[in-house]
Amino acid sequence: MPELTAAETVRAADGIVHDIGSKWMLDPAVSAHGKELGYGNPFAFYFAGRGGVLGDVDGGVVRAALGFFEPGVVRAMWDEGIAVAGAREAARRYATAFTAWAEEHVPDDPRLCELAERVADAAEGAGLPLFCGWRAEPLPDSGPGRLVQVLQVLRELRGGLHLVATTAVGLSPLEAVLADEGEGKARFCGWQGDLPDCAHLKPRLAEAEQITDRLAAEVYERALTPSERAEYAGLVEKAGAAVLG
């Protein structure tokens, strides 16, 4: 039976999990579902929905947990979003939207869901508020909706670890974005005005990526055997091919 090390599992699976989440987050169908639930502004739905697991907190707390967005944008969209029905209800409605999307776009895979849940359960949550918040949310009983919500939990795990790592190497959120994907992504995240050239920070970003990978690998090491890691990575790849094309 094939086997993978924990580090190999990170390289094989984590990027696909991230991209599946990006796929539904950017799908107009999810925004349309949000509009039906009372959120006319899709960005307000995103920030209130994703951050709503943190509860009734100040927008600055949400910005700290999300990490890479311009603070004023986060605060404005958070305040607008939670005005609809509160923070925790926004998270529930966000989950309703993306699990409905899953039923249309994601093949059912109970085994992948089982393995992914074991990974989520094995993670240490210290310093990872969004991950812990989403891990604590009730899951659908079964089906593609349950799988995609578990993958959302793992996406927040990786994102939280990366925020910890970029902070550890001394990168500000804006510097991390600019050193990674450049000005276009920074503008997408709400940063305006003249932006600094952060090309010289790429070695520091590479160090942060190594830390993120190492922390993620430790979770896979605890959660799954080598053969289970190979099975998990193969099933993630299969799901990615179905969802991402």
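Starting from 1, each residue takes its place in the sequence as its number.
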### Message
As a quick check of understanding, evaluate side-chain contact (heavy atoms from CB on, under 4.5 Å) for D14 and V17, giving each step before the final call.
### Response
CA-CA 5 Å; D14 282 15; V17 171; 5.5 Å; no
### Shared hydrophobic cluster for V236 and L4 (ILVMFWY, side-chain gaps under 4.5 Å)
no
### Query
Salt bridge between R204 and E207, side-chain N to carboxylate O under 4.0 Å?
no
### Query
Are R75 and D58 within salt-bridge range, i.e. N to O under 4.0 Å?
yes
### Message
The test is side-chain contact (heavy atoms from CB on, under 4.5 Å); show your working for H105 and K23 and say whether it passes.
### Response
CA-CA 10 Å; H105 296 90; K23 183 75 171 181; over 6 Å; no
### Query
R93 side chain to L37 main-chain N or O, any donor-acceptor pair under 3.5 Å?
yes
### Query
When rounded to the nearest 0.5 angstrom, what is the spacing between CG in L201 and OG1 in T166?
11.5 Å
### Message
Treating Q149 as the side-chain partner and P138 as the backbone partner, does any N or O pair qualify as donor plus acceptor under 3.5 Å?
### Response
yes
### Polar side-chain atom of E8 near backbone of T5 as donor-acceptor pair, under 3.5 Å
yes
## Note on the structure
Closest non-hydrogen contact found for V61 with L54 is O-CD1, 4.4 Å
### Task
Determine the minimum heavy-atom distance between S31 and P42, stating which atoms define it.
OG-CB, 3.5 Å
#### Entry: From CG (D56) to CD1 (I82), nearest 0.5 Å
6.0 Å
### Query
Is the shortest heavy-atom distance from the side chain of H162 to the side chain of E209 under 4.5 Å?
yes
#### Entry: L171-L128 co-clustered via ILVMFWY side chain contacts under 4.5 Å
yes
#### Entry: Over all atoms of both residues, closest heavy-atom pair of V150 and C113
CG2-SG, 4.0 Å
### Task
Return the orientation label for the Y46 and Y94 ring planes: parallel under 30°, perpendicular over 60°, tilted otherwise.
perpendicular
#### Entry: Note, K238 side chain near P107 side chain (heavy atom, < 4.5 Å)
no
### Query
In terms of hydrophobic clusters joined by side-chain contacts under 4.5 Å, are V84 and V62 together?
yes
#### Entry: Closest contact, heavy atoms only, A123 versus F131
CB-CZ, 3.6 Å
### Query
So E218 and D213, side-chain contact (heavy atoms from CB on, under 4.5 Å) or not? Walk me through it.
CA-CA 9 Å; E218 290 172 0; D213 287 349; over 6 Å; no
### Query
Is any NZ, NE, NH1 or NH2 atom of the basic residue among R50 and E156 found under 4.0 Å from an Asp or Glu carboxylate oxygen of the other?
yes
### NZ (K202) with more than 12 external heavy atoms under 6.0 Å
yes
### Message
Any non-hydrogen side-chain atom of T99 less than 4.5 Å from a side-chain atom of V148?
### Response
no
### Spacing of D19 atom CG and R155 atom CZ [to the nearest 0.5 Å]
8.0 Å
### Side-chain heavy-atom pair R158, V10 within 4.5 angstrom cut-off
yes
### Query
Quick check: does any side chain N or O of W78 sit under 3.5 Å from a backbone N or O of V57, one acting as donor and the other as acceptor?
yes
### Query
How far does CZ of R135 sit from CG of L154, to the nearest 0.5 angstrom?
10.0 Å
### Task
Please round to the nearest 0.5 Å and tell me the distance separating atom CG of L163 and atom OG1 of T212.
9.5 Å
### Message
Would you say L139 ends up clustered with L130 if hydrophobic residues are merged whenever their side chains have heavy atoms under 4.5 Å apart, either directly or through other cluster members?
### Response
no
### Query
Any idea which heavy atoms bring A120 and V153 closest together, and the distance?
CB-CG1, 3.9 Å
### Message
Using modelled atom types and a 3.5 Å cut-off, is there a donor and acceptor pairing between side-chain atoms of W191 and backbone atoms of F68?
### Response
yes
### Task
Evaluate the ring planes of F69 and F47, with Trp represented by its six-membered ring, and classify them as parallel (under 30°), tilted (30 to 60°) or perpendicular (over 60°).
perpendicular
#### Entry: Test side-chain contact (heavy atoms from CB on, under 4.5 Å) applied to W24 and Q152, step by step
CA-CA 10 Å; W24 64 256; Q152 158 64 7; 3.6 Å; yes
#### Entry: CZ on R118 to OH on Y232, rounded to 0.5 Å
12.0 Å
### Co-membership, hydrophobic cluster, residues L147 and L115, 4.5 Å side-chain
yes
### salt_bridge(R88, E137) N-O dist < 4.0 Å
yes
### Any donor-acceptor pair under 3.5 Å from R222 side chain to A122 backbone
yes
### Message
Do D180 and K185 make a side-chain contact, defined as non-hydrogen atoms from C-beta onward lying under 4.5 Å apart?
### Response
no
### Summary
For A239 and L112, the nearest pair of non-hydrogen atoms, with its separation, is CB-CD2, 4.1 Å
#### Entry: More than 12 heavy atoms from other groups under 6.0 Å of CD on E103
yes
